[in-house]
Number of protein chains: 2
Amino acid sequence: MTVRQDIHNSDIPVLCQACEARHHGVCGALDPNKLVALAKTSSRRQVDAGTELIGDAEAIHSYANVLSGVVKLTKTLSDGRQQIVGLQFAPDFFGRPFRAESAINAEAATRVSLCSFPKAALERIMKESPGLQGRLLGQTLKDLDAAREWMVTLGRKTAAEKIASFLLLIARNIDRVSDPNMRTAAFDLPLTRNDIADFLGLTIETVSRQLTKLRADGVIRIENNRHVVVVDISRLEARAGS
Amino acid sequence: MTVRQDIHNSDIPVLCQACEARHHGVCGALDPNKLVALAKTSSRRQVDAGTELIGDAEAIHSYANVLSGVVKLTKTLSDGRQQIVGLQFAPDFFGRPFRAESAINAEAATRVSLCSFPKAALERIMKESPGLQGRLLGQTLKDLDAAREWMVTLGRKTAAEKIASFLLLIARNIDRVSDPNMRTAAFDLPLTRNDIADFLGLTIETVSRQLTKLRADGVIRIENNRHVVVVDISRLEARAGS
DNA sequence: TCAATTTCTTGATTTCGATCAATCCGCGGT
DNA sequence: ACCGCGGATTGATCGAAATCAAGAAATTGA
């Protein structure tokens with residue numbers, strides 16, 4: 001153990017001071033000492049949309065916090081059919097503690113900025129900070145809840161309901177609509193129509209048609225193919241099935 | 001800390017000695033002292049198929065190891081559409097560490113025997129045994145992998161592939177077919193046709209038709225509606241998509 | 001600025017699985 | 001044994017989404 005010393009706010013690594021993950025993400029469990037230790041080995045980087053972050057069945061050497069942008073996790077069948085099995089928004093943690101058994105593929109869906117650190121560094125600090133393990137468990141449980149919620153959407157909802165559910169998911173994560181009396185939302189879609197289809201288990205044509213229908217019915221407006229304005233959130237919710 | 005004392009095998013609670021969870025489940029992380037402490041508060045019980053174990057949005061007061069049988073986790077839309085979002089086989093741990101946010105419903109799919117302990121007892125021991133937290137994280141990651149694997153099945157596979165995938169899942173968990181050169185498998189279906197439909201995002205009629213087709217093609221045999229003999233596992237795998 | 005290419009939309013047709021509708025089978029009870 | 005009932009199978013028809021097929025719109029690059 002190092003000798004306990006005075007920790008001023010200025011001792012918090014510059015890198016971390018303005019970081020959202022510092023408070024809400026996994027780093028929130030670390031005291032300044034540990035944070036300094038981790039920050040020494042960590043590095044920020046920006047990657048363009050389409051960059052592969054973890055290849056299928058690849059060994060994983062690092063973990064990362066998503067600081068901005070959206071990362072998509074995909075699985076692919078041998079004949080090319082693809083399914084997005086998770087989306088990570090800031091300030092989600094992502095990477096696989098221990099084993100990399102399930103063949104998963106992580107790719108930047110938008111331009112993404114990451115704060116990544118080597119697997120070994122995190123695991124060492126984890127042994128000393130039980131709180132960190134708890135945060136990791138918390139993130140994993142959150143991912144599990146999201147996955148199960150989506151299983152209902154995939155298995156039991158109609159195409160129209162799937163699209164509405166998807167738009168709500170994005171609105172809640174990008175535009176942070178948690179306030180229930182917020183009537184409207186606006187955001188850029190982080191996914192292409194193809195990605196949306198792969199997320200919803202639909203074809204690109206069906207996605208397009210359902211978006212057109214929502215637009216025709218005045219529930220949303222679409223500008224430049226990417227920017228979506230939800231005119232009335234409760235009307236969208238009514239179409240999402242629940 | 002208690003003084004370290006000699007621990008004989010006989011000090012392991014009788015309840016735990018023959019328990020599978022003792023080695024492979026969460027209890028494997030506990031030393032005999034901790035095991036005794038936990039065993040004091042735990043109790044075995046058997047429940048019939050159909051028994052509700054955790055109600056939708058109900059507060060959770062206990063955790064459990066599944067010792068035998070199958071527990072199904074379901075989510076239901078307001079209009080009654082249902083989706084099974086997870087199956088827990090022995091010796092899975094089940095229950096929700098912390099928060100019970102996601103509205104999930106757990107029900108015994110078959111006759112089930114459980115070893116359950118109060119939430120508080122487990123959480124207290126968890127603070128002292130970092131290994132236990134790790135096991136819990138491991139179980140959660142395993143559940144997450146399973147959920148994501150199933151998302152591919154729900155979103156991208158045909159009805160025929162879904163049924164084949166389901167039978168393989170059961171064969172691997174009930175008959176423990178992990179040995180890749182095992183050519184055949186046999187088991188009782190732990191789910192009714194209705195449950196299978198809810199697990200696969202299909203209707204009961206489609207499930208029935210696909211099972212009939214597999215039978216007609218000589219891939220499986222069905223006896224008494226419940227007992228399934230997989231004649232050739234590799235032929236079943238070929239139909240599961242991958 | 002203007003091809004060139006990719007991404008998205010829209011339309012026509014087909015198909016797979018849902019729905020509707022009878023049976024059929026297995027099982028427990030009297 | 002017989003009935004009665006819930007669960008399962010089978011058949012006929014329908015419909016939602018997939019597939020096939022052009023185009024239109026946006027983005028890229030020279």
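By convention in this document, chain letters (A, B, ...) are assigned in the order of the sequence lines, proteins followed by strands, and residues within each chain are numbered from 1.
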At 4.0 Å (heavy atoms only), tell me whether [X] reaches a base, stays on the sugar-phosphate, or touches nothing.
X      : result
B/L202 : sugar-phosphate
B/T203 : base
A/S208 : base

- prompt: Are A/D217 and A/R235 close enough for a salt bridge, meaning some N to O gap below 4.0 Å?
  reply: no
Starting at [atom1] of [X] and ending at [atom2] of [N], how long is that distance when rounded to a whole Å?
X      : N      : atom1 : atom2 : answer
A/L191 : C/dT7  : CG    : P     : 14 Å
A/K213 : C/dC8  : NZ    : C1'   : 19 Å
B/L189 : D/dG7  : CG    : P     : 15 Å
B/I196 : C/dG17 : CD1   : C1'   : 17 Å
A/E223 : C/dC8  : CD    : C1'   : 17 Å
A/L154 : C/dG17 : CG    : P     : 16 Å
B/D198 : C/dA18 : CG    : P     : 12 Å
A/R226 : D/dT27 : CZ    : P     : 9 Å

message: Quick check on B/R226: does its CZ atom have over 12 non-hydrogen neighbours (other residues, nucleotides or ligands) under 6.0 Å away?
response: yes
- prompt: More than 12 non-hydrogen atoms from neighbouring residues, nucleotides or ligands closer than 6.0 Å to CZ on A/R183, yes or no?
  reply: yes
- request: Would you kindly check whether a donor in the side chain of B/E205 faces an acceptor in the base of C/dC20, or vice versa, at under 3.5 angstrom?
  value: yes
- prompt: Is the base of C/dT10 touched by the side chain of A/R215 through a donor-acceptor pair closer than 3.5 angstrom?
  reply: no
- prompt: Closer to the 5' end of DNA chain D via nearest nucleotide, is it A/N225 or A/V207?
  reply: A/V207
- prompt: Under 4.0 Å between a side-chain N/O of B/T158 and OP1 or OP2 of C/dC16, yes or no?
  reply: no
message: Using the side-chain heavy atoms of B/T206, tell me which of these nucleotides is nearest: C/dG17, C/dC8, D/dA17.
response: C/dG17
- request: Among D/dA8, C/dC8, C/dT19, find the nucleotide with the atom closest to the side chain of A/R193.
  value: C/dC8
- prompt: Between the main-chain N or O of B/I204 and the side-chain N or O of B/S208, is there a donor-acceptor pair closer than 3.5 Å?
  reply: no
query: According to the interplanar angle, ranging from 0 to 90°, do the rings of B/Y63 and B/F93 count as parallel (below 30°), tilted (30 to 60°) or perpendicular (above 60°)?
result: tilted
